[in-house]
Amino acid sequence: MPELPEVETVRRALAPDIRGQRIARVVVRQPRLRWPVSPGLRREAPGQRVQTVQRRGKYLLLGLDTGTVILHLGMSGSLRILNKAAPPEPHDHLDLCFCSGRMLRLRDPRRFGSVHWTRVDPQRHRLLRHLGPEPLASTFNGDYLYHTSRGRRLAMKTLLMDARVVAGIGNIYANEALFVAGVHPARHAGRVSRLRCDRLVEAVHDVLRRAIRAGGTTLRDFRHPDGAAGYFRTDLKVYGREGQPCVYCGALLRRRLLNQRSCFYCPSCQR
DNA sequence: CAAAGGTCCTGCTCGC
DNA sequence: TGCGAGCAGGACCTTT
């Protein structure tokens with residue numbers, strides 16, 4: 001579910017509420033997520049304050065005094081702030097309880113998310129170490145995309161969704177950016193021209209920035225930590241719109257599978 | 001029933 | 001034949 005704009009939305013909503021809060025205890029009801037919840041979290045986090053709330057790709061990083069909590073929401077994860085203790089509902093796997101009585105609660109029905117604790121530089125953690133540039137950083141530019149894609153025969157959409165190439169672009173925003181740039185999702189990455197790499201990067205920037213401004217995309221269950229929905233869904237131009245007319249040319253949008261992922265595009269505008 | 005927004009890992013294929 | 005790189009598919013799990 002949550003791609004970069006959704007995680008950034010969560011980060012912004014969370015930061016003012018938990019920054020400076022001291023952790024009283026960590027409650028783990030279900031340690032078996034995508035990977036086991038780091039046992040060190042329960043032992044070491046209590047007594048520490050949340051110093052920073054950052055994001056790297058789709059990962060949320062809570063910087064404590066002596067280490068970092070690394071959170072990934074997978075496909076169905078969500079975080080809520082509770083002002084006082086409330087009984088957990090099904091799939092509420094983990095709570096960070098603060099001394100103030102407030103708590104941060106992780107729910108994740110599908111359990112594709114994960115929670116890690118590391119005492120060393122989180123950027124060196126095995127899950128973050130190989131991530132490519134942030135898509136909104138200046139290092140992700142047309143020059144970079146052009147050179148990274150040369151000689152590669154995989155679909156451009158698949159390349160855009162490869163976190164080692166660029167971090168945080170998932171299925172929805174890859175589809176949207178390709179449409180805005182007029183690049184066919186199945187086009188071999190190595191056969192996209194320099195000019196079109198420039199356009200594609202610009203489209204990624206544009207789509208992600210607008211999605212963050214709208215508070216992310218709520219398709220079914222994505223929610224802000226206060227329960228609000230994201231509004232980018234109404235701005236989606238191709239995702240989930242097969243059979244509807246292209247907003248540019250009126251041709252009917254199509255859907256197909258590419259590496260097991262749904263792919264939405266305009267057969268006329270995207271080449 | 002198939003498919004759903006993620007992504008690590010395994011194993012196949014290809015080219016050198 | 002052997003090796004590494006690149007790539008596709010499987011796996012994880014629950015809900016609709």
Side-chain angles (χ1 to χ4, degrees), chain A residues 1-10 29-37 55-60 70-79 89-94 106-116 125-132 135 147-179 185-191 207-208 211-212 214-224 229-242 255-264:
Chain A
M1 162 211 307
E3 301 185 29
L4 185 151
E6 290 73 38
V7 177
E8 179 61 17
T9 297
V10 169
R29 286 179 214 87
Q30 170 57 277
R32 297 186 50 209
L33 304 183
R34 175 77 161 84
W35 285 283
V37 174
R55 180 189 57 73
R56 176 77 173 99
K58 297 175 191 168
Y59 292 90
L60 268 178
I70 302 174
L71 283 153
H72 196 289
L73 298 176
M75 275 168 86
S76 58
S78 60
L79 289 167
E89 290 179 33
H91 313 301
D92 285 345
H93 303 313
L94 182 143
L106 171 71
R107 176 179 303 178
D108 186 1
R110 213 174 154 188
R111 284 198 264 147
F112 279 16
S114 59
V115 183
H116 311 261
H125 189 275
R126 69 178 180 95
L127 296 174
L128 306 193
R129 196 169 22 188
H130 301 293
L131 290 181
H147 289 294
T148 306
S149 54
R150 285 320 85 183
R152 312 219 24 205
R153 302 169 76 110
L154 78 174
M156 187 42 111
K157 173 165 176 284
T158 308
L159 186 84
L160 277 184
M161 292 175 63
D162 183 342
R164 287 165 304 187
V165 172
V166 54
I169 301 178
N171 201 30
I172 296 176
Y173 299 109
N175 276 301
E176 293 297 311
L178 287 158
F179 173 74
R187 169 129 250 145
H188 288 350
R191 299 196 45 216
V207 166
L208 294 182
I212 291 169
T217 301
T218 294
L219 281 180
R220 65 169 40 148
D221 46 20
F222 169 70
R223 284 289 183 280
H224 298 191
Y231 288 101
F232 196 69
R233 180 174 193 173
T234 54
D235 286 34
L236 296 176
K237 295 188 170 61
V238 289
Y239 189 86
R241 295 192 177 280
E242 75 269 33
R255 169 176 187 262
R256 60 177 273 190
L257 283 184
L258 203 53
N259 298 331
Q260 325 271 59
R261 308 304 301 275
S262 279
C263 194
F264 301 90

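Just so you know, these numbers come straight off a predicted model, no measurement behind them.
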**Item:** Neighbour count >12 (heavy atoms, 6.0 Å) for atom CZ, A/R126
**Value:** yes
**Asked** A/L127 side chain: which of B/dG5, B/dC8, B/dG6 is closest?
**Response** B/dC8
**Request:** In whole angstrom, give the distance that lies between atom CZ of A/F112 and atom P of C/dT15.
**Result:** 12 Å
**Prompt:** Between C/dC7 atom C1' and A/K157 atom NZ, what is the distance in whole Å?
**Reply:** 15 Å
**Fill in**
Rounded to whole Å, CG of A/L236 lies from C1' of B/dA4 at a distance of 15 Å
**Asked** Do the side-chain N or O atoms of A/R255 get closer than 4.0 angstrom to the phosphate oxygens (OP1, OP2) of B/dA4?
**Response** yes
**Request:** Remember a base hit wins even if backbone is also touched, and classify A/R34 as base, sugar-phosphate or nothing at under 4.0 Å, heavy atoms.
**Result:** base
**Request:** Please measure how far the P atom in B/dA3 lies from the corresponding atom in C/dG9, and state the result in whole Å.
**Result:** 14 Å
**Request:** Take the protein atom CZ of A/R32 and the nucleotide atom P of C/dC12, then report the distance between them rounded to whole Å.
**Result:** 10 Å
**Request:** Please tell me which of the listed nucleotides, C/dG10, B/dG5, B/dC8, lies nearest to the side chain of A/Q260?
**Result:** C/dG10
**Message:** If you assign A/Y59 and A/F264 each to the DNA chain B nucleotide with the nearest heavy atom, which residue ends up on the more 5' nucleotide?
**Reply:** A/F264
**Asked** Contact class for A/R233 (heavy atom, under 4.0 Å): base, sugar-phosphate, or nothing?
**Response** nothing
**Item:** Stacked cation flag A/R110 on A/F112, 6.0 angstrom / 45 deg
**Value:** yes
**Prompt:** Which one, C/dC13, B/dG5, B/dA4, comes nearest to the side chain of A/R111?
**Reply:** C/dC13
**Asked** Tell me, do A/W35 and A/L127 make a side-chain contact under 4.5 Å, heavy atoms counted?
**Response** yes
**Asked** Is there a side-chain contact between A/S78 and A/D108, using heavy atoms and a 4.5 Å cut-off?
**Response** no
**Asked** About how many Å separate OG1 of A/T9 and CZ of A/R55, when rounded to the nearest 0.5 Å?
**Response** 9.5 Å
**Option among A/H125, A/H116, A/H72 that satisfies the ring-ring contact (aromatic ring centres under 6.0 Å, His included) test with A/Y59** = A/H72
**Request:** Please state whether the phosphate of B/dA3, meaning OP1 or OP2, lies under 4.0 angstrom from any side-chain nitrogen or oxygen of A/R261.
**Result:** no
**Asked** Is there a donor and acceptor pair, one atom on the side chain of A/R110 and one on the base of C/dT15, closer than 3.5 Å?
**Response** no
**Prompt:** Is any side-chain heavy atom of A/L4 closer than 4.5 Å to a side-chain heavy atom of A/P135?
**Reply:** yes
**Message:** If the cut-off is 4.0 Å, is A/H91 near the phosphate of C/dT15, judged by side-chain N/O to OP1 or OP2?
**Reply:** yes
**Message:** Whole angstroms only, please: what is the CD-P distance between A/E242 and B/dA4?
**Reply:** 10 Å
**Request:** Determine the contact category for A/L33: base if any of its heavy atoms lies under 4.0 Å from a base atom, sugar-phosphate if only primed atoms, P, OP1 or OP2 are that close, otherwise nothing.
**Result:** nothing
**Request:** Runs of at least three consecutive Watson-Crick or G-U pairs, both distances under 3.5 Å, are what I'm after; which ones involve DNA chain C?
**Result:** B:2-4 with C:14-16, B:6-16 with C:2-12
**Minimum side-chain heavy-atom gap A/L94-A/L33 below 4.5 Å** = no
**Whole-Å gap separating P (C/dT14) and CD (A/Q30)** = 8 Å
**Asked** Just how far, in rounded Å, is P of C/dT16 from CG of A/L219?
**Response** 15 Å
**Item:** Closest listed nucleotide, where the reference is the side chain of A/R152 and the choices are B/dC8, C/dG6, B/dG5
**Value:** C/dG6
**Prompt:** Do any side-chain nitrogens or oxygens of A/S262 fall under 4.0 Å of OP1 or OP2 in B/dA4?
**Reply:** yes
**Flag if over 12 foreign heavy atoms under 6.0 Å of CZ, A/R129** = yes
Taking N or O atoms only and anything under 3.5 Å, show me the protein contacts with nucleotides 10-16 of chain B, one pair per line.
none

**Asked** Of A/L131 and A/Y239, whose closest DNA chain B nucleotide lies nearer the 5' terminus?
**Response** A/Y239
**Prompt:** So what does A/Y173 touch, heavy atoms closer than 4.0 Å: a base, only the sugar-phosphate, or nothing?
**Reply:** nothing
**Message:** What I'd like to find out is whether the side chain of A/F232 reaches to under 4.5 Å of the side chain of A/Y173, using heavy atoms alone.
**Reply:** yes
**Message:** Tell me the interatomic distance from A/W35, atom CH2, to C/dC12, atom P, rounded to whole angstroms.
**Reply:** 13 Å
**A/L73 side chain near A/K58 side chain, heavy-atom distance below 4.5 Å** = no
